[in-house]
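All chains are named by letter (A, B, ...) in the order of the sequence lines, taking the proteins before the strands, and each is independently numbered beginning at 1.
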Amino acid sequence: MAEPVPLSTAYRTHALNEIQANGAFLIDVEVTVCGFMEANRGKGKICFVDLRDGTGKCQIFLKEGNVDETILTEIQNLSRESTIQVRGVVAQKRPPKVKEGEPIPPPEYEVVANHASVLAQAETPLPLGVTDSVHVELDTRLDNRFLDLRRKHVNAIFNLRSKILQYGREHLIKEGFKEMNSPKIIAAAAEGGTNLFPMKYFDRDAYLSQSPQLYKQLAVLGGLERVFEIGPAFRAEKHDTYRHLNEFVSFDIEMAWASDEDVMGVQERMIHHIWSQVAANEQHFVDDINAYRLTQDMEPIEVIPPTIPFPRVSYCDAIDLIQQSGQEIEWGDDIEAHHADIIAEKHNGFHFIPRWPMEMKPFYIYHDENEKSVSGGQLSRGFDLNYGRDEMTSGGQREHRTEILRSNLENMGLEPREFQFYIDGFRFGAPPHAGWGLGVARLTMVLTGSRNVRETVLFPRDRRRCTP
RNA sequence: GCCCGUGUGGUGUAGCGGUUAUCAUGAGGCGUUGUCGAUGCCUCGACCCGGGUUCGAUUCCCGGCACGGGCGCCA
């Protein structure tokens, strides 16, 4: 267990989960707590408040005689989600009445108030109910994300997202990676392909970066050896699907003296570490999500560390598989969503799709001239990681030979001169290297069973939404 | 950008060419209670916008806007 950290602040002596966790030792101790008032019961001489803070919940018991009468009335008439501060004494709760045959729940603790004050009163009605059982549409939720986030299962999703980043970082650092940051304002639409958001950089035209790709390679060329970056990427594509956003957080690595297979290994070990640690330490968040799913007639989610190594379904094998199912596809065609469904029937978890045709991969992907398909097409060292039908990662070994880089650009109809700053990095000695970029929100979707990437991004930016 | 669909109280829904517009949740009031999905009684609150058809449109038609689903686009 981690060392205890002080949770007391200027406003409270204890967090609410401390009252529940250490209640037996806190009985008769005077504490001051704060929180959102989830519900209040009682209009006469007593009042119960369900109080919630970012750590947990606790019942507050107010009774005429213990607290000032005006305070009692004020709390009794207070609107839900108002914030209050309570001073009182910890006591064991009287056990709730249970139906015959049902187990008696473990003891819980409450604070018997001797003083309370309202910190901020909530307006009514709430734009969405924090504890209500009624369904709320995603659009309403996103318009009121600050309230949506107070719902337990939503809060759990973002706690788990934070854990993905924490355990992912933890693992990469263990493997010798260093965290870096690349610029998000770039001068040129350097790579073609996806559309960039234009912006003004003082008097010049500039763009928002679509990927840290070139910069993390330059860091490796500079001798940082192994780097990772967790940062935003921007794409001005007018897509409108459950898995695309125009701003997203990309988890990127780049690694020297390495092949595509080497960095696939890093990735599967990292994902395995994340899943294992979540299963070991964060099950309560998963339980929160499942408690909600139960009310929505959804299957519960389970966090089971995936077996490594992940299956490798090479591009050629994938094409065969799709053809065998009767679909029209040829070597050199992109694997589209309905094709991915066929692969997912056989591999419903994580699986790599390595060795794509070189012509389908960007100019900086490495190829070995001896690696050709049966039909003679040039293969590359580019790969994807999919979960079921959904793409999580795009990666590969990078081309480190300056002359090949130049000819790749020419073969793809790009102008080598426009990439001079990039090619320059390779002119004075370059290690073979490889890397990948992983969509954090997409991985969080998998972990939390979310079916829309907007569920796993606090304030998503899509084609229509730019606020809040 | 394409195809399909949906817009009804704060939230989520039912329904209809003429209704007192359904239900849940919520909000307000009063009462009771060591309550805990509190509870009993009372009250409040809605047909996306514009045009058309019609005696009459929330309902049918057209347009707009918003949203949802699927796809495309997508290092």
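Residues satisfying the side-chain contact (heavy atoms from CB on, under 4.5 Å) criterion with Met199(A), sequence neighbours excluded, are Ile185(A), Ala206(A), Leu208(A). For the salt bridge (Lys or Arg N to Asp or Glu O under 4.0 Å) test, no residue two or more places apart in sequence or in another chain qualifies with Asp262(A). Remark: Val154(A) engages Arg141(A), Arg145(A), Asp148(A), Leu149(A), Arg151(A), Phe158(A) in a side-chain contact (heavy atoms from CB on, under 4.5 Å) (not counting sequence neighbours). Residues satisfying the side-chain contact (heavy atoms from CB on, under 4.5 Å) test with Pro183(A), not counting sequence neighbours, are Tyr215(A).
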Base-pairing string, 5' to 3', of RNA chain B - Watson-Crick or wobble, under 3.5 Å, | interstrand: (((((((..(((.....[....)))(((((((.....)))))))...(((((..]....))))))))))))....

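For G69(B), one of the phosphate oxygens OP1 or OP2 lies less than 4.0 angstrom from a side-chain nitrogen or oxygen of Asn452(A). Ser133(A) has no side-chain polar atom (N or O) that falls below the 4.0 Å cut-off from OP1 or OP2 of G37(B).
When the P atom is used for both C47(B) and U19(B), the distance is 15 Å, rounded to whole Å. Rounded to the nearest Å, the gap between the C1' atom of U13(B) and that of G7(B) is 13 Å.
The neighbour count for Gln296(A) CD, taken as heavy atoms of other residues, nucleotides or ligands under 6.0 Å away, is above 12.
Note: NE2 (His135(A)) to P (U13(B)) measures 7 Å, nearest angstrom. In this structure, the CD atom of Glu237(A) is 6 Å from the C1' atom of C73(B), given to the nearest Å. One atom, CD of Gln296(A), and another, C1' of U11(B), lie 13 Å apart when rounded to the nearest Å. Between the P atom of C74(B) and the CG atom of Leu245(A) lies a distance of 18 Å, rounded to the nearest Å.
Under the 3.5 Å distance criterion, with hydrogens and angles disregarded, a donor-acceptor pair is assigned to the side chains of Asp424(A) and Gln420(A).
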Quick test: give all pairs of protein nitrogen or oxygen and nucleotides 26-33 of chain B nitrogen or oxygen below 3.5 Å, distance rounded to 0.1 Å.
from: G26(B); atom 1: O3'; to: Arg80(A); atom 2: NH2; distance (Å): 3.2
from: A27(B); atom 1: OP1; to: Arg80(A); atom 2: NE; distance (Å): 3.0
from: U32(B); atom 1: O4; to: Lys43(A); atom 2: N; distance (Å): 3.3
from: U33(B); atom 1: O4; to: Lys43(A); atom 2: N; distance (Å): 2.5
from: U33(B); atom 1: O4; to: Gly44(A); atom 2: N; distance (Å): 2.8

